[in-house]
Q: 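What follows is a single structure, and I will ask about it in a moment.
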Number of protein chains: 2
Amino acid sequence: MDHLPSWLLTQTAAHAHRLVGDGFAAVGARGYHLRLLRSLATEGAASQADLGRRTGIHLSDLVGALNELETGGFVARSPDPADRRRNVITITDDGLTRAVQLAERAAQVQEELLAPLAADEREELSRLLWRLLEHHRRVGSVTPDPEAAGKMSEVAGSIPGVRSTGRGTR
Amino acid sequence: MDHLPSWLLTQTAAHAHRLVGDGFAAVGARGYHLRLLRSLATEGAASQADLGRRTGIHLSDLVGALNELETGGFVARSPDPADRRRNVITITDDGLTRAVQLAERAAQVQEELLAPLAADEREELSRLLWRLLEHHRRVGSVTPDPEAAGKMSEVAGSIPGVRSTGRGTR
DNA sequence: CGCCTAACGTTAGTGCTCCGAACGTTCGTT
DNA sequence: AACGAACGTTCGGAGCACTAACGTTAGGCG
């Protein structure tokens, strides 16, 4: 059982995902909410497009998440007078409270997730993961990928039921 | 931007997921296939239920994955004469070749994923992740969770569009 | 000014992974 | 013989990431 790192990653991530998901579902939220509220709280109001860029959330998913936050009263969507294309997203007082609540919840989950690790190990883990993220973010954003797309379908179609997704490289 | 470990995990996992997904889609496969073929190759033939337990793949997803592998000729499904409920899943020669191919593909992806890390750092990362997995696997299997389920809905329903999933603790 | 491009917000739909519920079949045990 | 358990299967749903397409608005340029 020589497990590949990517397997370890996706597996642990699945656990993390489950823990976070359950923890958030218990208060009627999900991961996107905290990400968005945190960004709004720390980096200020923004248009949806900006928010998407800041949080890495896809624009099409942003709509739904913001709808939820808006109907919850955690966020206000108001048209930008300076640019009528834009919606300005502002965090409300309730939203700030909510952000704190979710952050606490998330912290609990961290504790649960990292339980078997000592403090310095946790730091080490975060450091390593951070390095990976940094690297792939650089590569991902820099490369417009003119050729990677071509490689995608080179050997495709070995199995009937499965087709090449055409999911972009970024 | 003090990023939480779970965020780092899910983010890096997302990258890993994307890399693996694309890498496998290029040859018309997906993650399940390698997991299954590896298990069959190293631990031998098994019934579907056993396979599911071995690989951690949900039985309902197993069916589809095995269908794909079967139509690809990588795996044979034959009824167990000793127990007519059971299907015995055997890996074919093509399946072994396929397993090697996918493993290579996976290895490439590892290289890409872990590019910024030195060898000893990669080991450290694997070690830490492994510890987390071990821990949660133990906890997850031992706990039948009589009370956790109850907590799940305690504060639910803050937001209309989102409901408590009731997704099991394991 | 008119045209065209680019950005913006939105909707709809796909894919993968993980999960729960239900059904019909078969096996063991009692 | 009857019952509970395991097995394989199908259906559906959640979460996250992503593509495609559309209508709207802003700006640059001839």
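Order of the sequence lines fixes the chain letters, A, B, ..., with proteins taken first and strands second; residue numbering starts at 1 for each chain.
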Q: Flag yes if A/V100 and A/L40 sit in one hydrophobic cluster, no otherwise; membership is Ile, Leu, Val, Met, Phe, Trp, Tyr, and two members link when side-chain heavy atoms are under 4.5 Å apart.
A: no
Q: Determine whether a donor-acceptor pair (one donor, one acceptor, N or O, separation below 3.5 Å) exists between the side chain of A/R85 and the base of D/dA26.
A: no
Q: With distance as the sole test, does A/S39 use its side chain to make a donor-acceptor pair with the main-chain N or O of A/R35 at under 3.5 Å?
A: no
Q: How about A/L113 and A/V20: do any of their side-chain heavy atoms sit closer than 4.5 Å?
A: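 Not touching, per the 4.5 Å side-chain cut-off.
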Q: Find the distance B/L36:CG to C/dT17:P and express it as a whole number of Å.
A: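 Nearest whole value for this atom pair: 11 Å.
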Q: Tell me which nucleotide among C/dG9, C/dT26, D/dA17 gets nearest to the side chain of A/Y32.
A: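 Minimum distance to the A/Y32 side chain belongs to D/dA17.
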Q: For D/dG8, does either OP1 or OP2 sit under 4.0 Å from a side-chain N or O belonging to B/R86?
A: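 Answer no for this pair, as no side-chain N or O of B/R86 is under 4.0 Å from OP1 or OP2.
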Q: Picking from D/dA17, D/dC16, D/dT9, which would you name as closest to the side chain of A/D61?
A: D/dA17
Q: Just checking, any donor-acceptor pair under 3.5 angstrom between side chains of B/Q48 and B/R86?
A: no
Q: Looking at the side chain of A/Q48, which of C/dG9, D/dT10, D/dT25 is the nearest nucleotide?
A: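 When the side chain of A/Q48 is considered, C/dG9 is the closest of C/dG9, D/dT10, D/dT25.
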Q: For the pair made of CG in B/L59 and P in C/dC23, what is the distance, rounded to whole Å?
A: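 Atom-to-atom, B/L59 to C/dC23, this comes out as 18 Å.
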Q: Mapping A/S60 and A/G31 to their closest nucleotides on DNA chain D, which lands nearer the 5' end?
A: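 Comparing both residues, the 5'-ward one is A/G31.
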Q: Nearest to the side chain of B/R84, heavy atoms from C-beta on, is which of C/dT26, D/dT9, C/dG20?
A: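 Comparing C/dT26, D/dT9, C/dG20 against the side chain of B/R84, the answer is C/dT26.
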Q: Among the candidates D/dG8, C/dT10, C/dC16, find the nucleotide nearest to the side-chain atoms of A/R77.
A: C/dT10
Q: Please report, rounded to the nearest Å, how far the C1' atom of D/dG15 is from the CD1 atom of A/I57.
A: 12 Å
Q: Rounded off to whole Å, could you give me the NE2-to-C1' distance for the B/H33 and C/dT17 pair?
A: 13 Å
Q: Closest to the A/R35 side chain: D/dT19, D/dC16, C/dA21?
A: D/dC16
Q: Just how far, in rounded Å, is C1' of C/dT26 from CG of B/D80?
A: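 Taking CG of B/D80 and C1' of C/dT26, I get 12 Å after rounding.
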Q: Can you tell me how far C1' of D/dG15 sits from CG of A/L19, to the nearest Å?
A: 15 Å
Q: Quick check on the hydrophobic clustering: are A/V75 and A/V63 connected, directly or via other members, by side-chain heavy-atom contacts under 4.5 Å?
A: no
Q: Treat each ILVMFWY residue as a node, draw an edge where side-chain heavy atoms are under 4.5 Å apart, and state whether A/L19 and B/W130 are in one component.
A: yes
Q: Can you find a side chain N or O atom of A/R30 that sits less than 4.0 Å from OP1 or OP2 on D/dC16?
A: yes
Q: In whole Å, I'd like the distance from the CG atom of B/D50 to the C1' atom of D/dC7.
A: 10 Å
Q: Among C/dT26, D/dG8, D/dC16, find the nucleotide with the atom closest to the side chain of A/H17.
A: D/dC16
Q: Base, sugar-phosphate alone, or nothing: which one does B/S47 contact when heavy atoms must sit under 4.0 Å apart?
A: sugar-phosphate
Q: Check the distance between D/dG8's C1' and B/L51's CG and give it to me in whole angstrom.
A: 13 Å
Q: Please determine if a side-chain N or O atom of B/N87 lies less than 4.0 Å away from the OP1 or OP2 oxygen of D/dT9.
A: yes
